[in-house]
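Each remark here refers to the structure printed beneath this line.
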There are 2 protein chains.
Amino acid sequence: MAVQHNNSVARAFAILEMFSESRPHLTAGDVARELSLNNVTAHRFLHSLEAAGALVPVSRGTYRLGHLFVDLARRVTSHQALAETAQPVLDWVAETLNESAMASVFEGGSVICLATTKPKRHLFVDLRPGMRLEAHCTSQGKVWLASLDDKALSRALDQMPLVGLTERTITDRALLEREIESVREQGYAINDGEREEGLRTIAVPVVGRDGRMITGLSVYGPASRINNEALEHAHAALTEAARKIVDALYGRSALQA
Amino acid sequence: MAVQHNNSVARAFAILEMFSESRPHLTAGDVARELSLNNVTAHRFLHSLEAAGALVPVSRGTYRLGHLFVDLARRVTSHQALAETAQPVLDWVAETLNESAMASVFEGGSVICLATTKPKRHLFVDLRPGMRLEAHCTSQGKVWLASLDDKALSRALDQMPLVGLTERTITDRALLEREIESVREQGYAINDGEREEGLRTIAVPVVGRDGRMITGLSVYGPASRINNEALEHAHAALTEAARKIVDALYGRSALQA
DNA sequence: AGTATATATTTCTATATTTGAAATAACAGG
DNA sequence: CCTGTTATTTCAAATATAGAAATATATACT
């Protein structure tokens, strides 16, 4: 017989998953109806989740999610936790392509390196976890900017000095906005010597099941090696890497689409 | 007899609460030992939480929290959800003091009004949910800045134009940093005509159980009414309001200190 | 490579917990 | 105040859960 699971745990999480942005409240009637439970059982689960701190009562018989989940979520998204998940996947990318790979988050208008690898090559770029990179002239940065909604993008650009670091840096705001639009359309970004001459990079977003960007993944190396064919291979590898990371973060949950 | 709770739900959440920033991983041995469970039972709970998407396996017998919690947390911290929790408490503050009150979040270096009230007065300031306010010259903003660690504060100030809006606006960075230091020490911030002449406001942070600031609360009105005695009353009311909001967000969980 | 130890998994069954019917209580709307 | 709906409580039947025992796997040591 298959491993014995605890049905109550499964039910509890099925109830939690019923909440959504468009459904901030749940009643026992909702739960009973949608999970095919007896009304008494539904009430009992809601009370149990409340006692556990997972739900808080809004009014009699109506609940919403408790702040406990914010605390738990922070333990999921710490840089260390994300880096730990990303590292083996980056190693796989680096080994597959024999180039460097990197994972990032986006904070305060900057790209922060979470994790990175080194290829078995003599010529490479030295990036380390914790390093901050400009957003406007990196492939990672463009991917992060592309993930913002229009208002947030406009605000981010308002505060972003478009400093020219090489002759290829995009320093004109309208041009950058068009570049971001292209990134949105094609789903990846390329940096061709915009931050560092002779360096070429491609980045893709890792998007969670709720549609939000969790981390960015990129491959980078000297332009002499990273030709267009190499970029295509890198894009394919990074897309697969993104899937692997999402699977690693969420696990093989039964609730997965 | 007291209401019957589901013991499995309680145990599941007790396991989830074992995770922390310093403890990103758990084994069945940890769970069995610390929750006084049989080893088989501990294994079974971990497997059940994994199947529910709450945990993901790191290696054989070792787990970490799943990204599901990030998705759930976002449903908790949407502006609408926070505003809904804050509104009745703001109403209580406004009624108690007969002045306006407001709740905020901090995004992209700005204070965003989440919810607000109007006192039964003719002379008042028109603030509405969604409005963005400068951080450097508002009491809410100073409280948010004070909640940042030194690095994050420095970075935020790097990008913050210290525009003089009145003669009292602090436009000197060193002075502002000293002001923020004072806010950290005293636990509240005051704005005395720095953003709008003749307007006085006091703000306090609402801090979650993990030590992070969730929302800011403030009381505001014309300086002719908001004298020092009124500020003291406001501070007391806002401090109690902060507690009420934390309780409302987390609920009366058994895990509460 | 072999052995010992520790941990993980599987199986099975006793029983403690959970479920849900029925009764009662509380609430909302007319 | 009455009625209908939802929430809560009680209690006994049902069953899911817990944990002992056996087995499997992994790791560390020699």
Side-chain angles (χ1 to χ4, degrees), chain A residues 1-19 23-66 88 248 251-255, chain B residues 1-19 23-66 84 88 248 251-254:
Chain A
M1 161 242 268
V3 67
Q4 175 192 326
H5 283 147
N6 188 306
N7 197 43
S8 295
V9 171
R11 277 177 165 174
F13 275 86
I15 293 171
L16 295 174
E17 287 276 348
M18 286 174 69
F19 288 93
R23 181 184 232 171
H25 298 154
L26 275 188
T27 66
D30 296 330
V31 172
R33 185 166 51 251
E34 291 172 41
L35 300 186
S36 299
L37 294 178
N38 182 277
N39 206 274
V40 179
T41 303
H43 273 286
R44 196 173 282 123
F45 267 99
L46 289 173
H47 280 295
S48 299
L49 285 164
E50 179 191 354
L55 298 182
V56 292
V58 171
S59 58
R60 186 170 173 270
T62 303
Y63 295 85
R64 62 177 172 75
L65 291 168
R252 50 178 185 79
S253 163
L255 299 164
Chain B
M1 165 239 275
V3 67
Q4 176 194 332
H5 284 146
N6 188 304
N7 197 45
S8 295
V9 171
R11 277 177 165 175
F13 276 87
I15 292 170
L16 294 175
E17 287 278 343
M18 287 174 68
F19 288 93
R23 179 184 233 171
H25 298 153
L26 275 187
T27 66
D30 296 328
V31 172
R33 185 166 52 249
E34 291 172 41
L35 300 187
S36 299
L37 293 178
N38 180 277
N39 205 273
V40 179
T41 305
H43 271 287
R44 193 173 286 122
F45 268 99
L46 290 172
H47 278 296
S48 299
L49 285 164
E50 178 191 355
L55 298 183
V56 292
V58 171
S59 57
R60 186 168 172 272
T62 304
Y63 296 85
R64 61 174 173 76
L65 291 169
E84 184 190 90
R252 48 178 188 79
S253 164

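Letters A, B, ... are given to chains in the order of the sequence lines, protein chains preceding strands, and every chain is numbered from 1.
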Problem set entry | Nearest-nucleotide 5' precedence on DNA chain C, Phe45(A) against Arg44(B) | Arg44(B)
Distance below 4.0 Å between [X] side-chain N/O and [N] OP1 or OP2:
X        : N       : answer
His47(A) : dT8(D)  : yes
Ser8(A)  : dA16(D) : no
Asn38(A) : dA21(C) : yes
Asn6(B)  : dT18(C) : yes
Arg11(A) : dT19(C) : yes

Exercise. Asn6(B) and Ser8(A): which non-hydrogen atoms are nearest, and at how many Å?
Worked result: ND2-OG, 3.2 Å
Exercise. What are the two closest heavy atoms between Met18(A) and Arg23(A), and how far apart are they?
Worked result: O-CD, 3.2 Å
Seminar exercise, completed: Partner of Leu35(B) under side-chain contact (heavy atoms from CB on, under 4.5 Å), picked from Thr41(B), Asp30(B), Ile15(B), is Ile15(B)
Exercise. Among dA18(D), dT11(C), dA7(D), which nucleotide sits nearest the side chain of Gln4(A)?
Worked result: dA18(D)
[X] [atom1] to [N] [atom2]: how many Å, rounded?
X        : N       : atom1 : atom2 : answer
Asp30(B) : dA6(C)  : CG    : C1'   : 14 Å
Asn39(A) : dT8(D)  : CG    : P     : 10 Å
Asn7(B)  : dT18(C) : CG    : C1'   : 11 Å
Arg60(A) : dT8(D)  : CZ    : P     : 6 Å

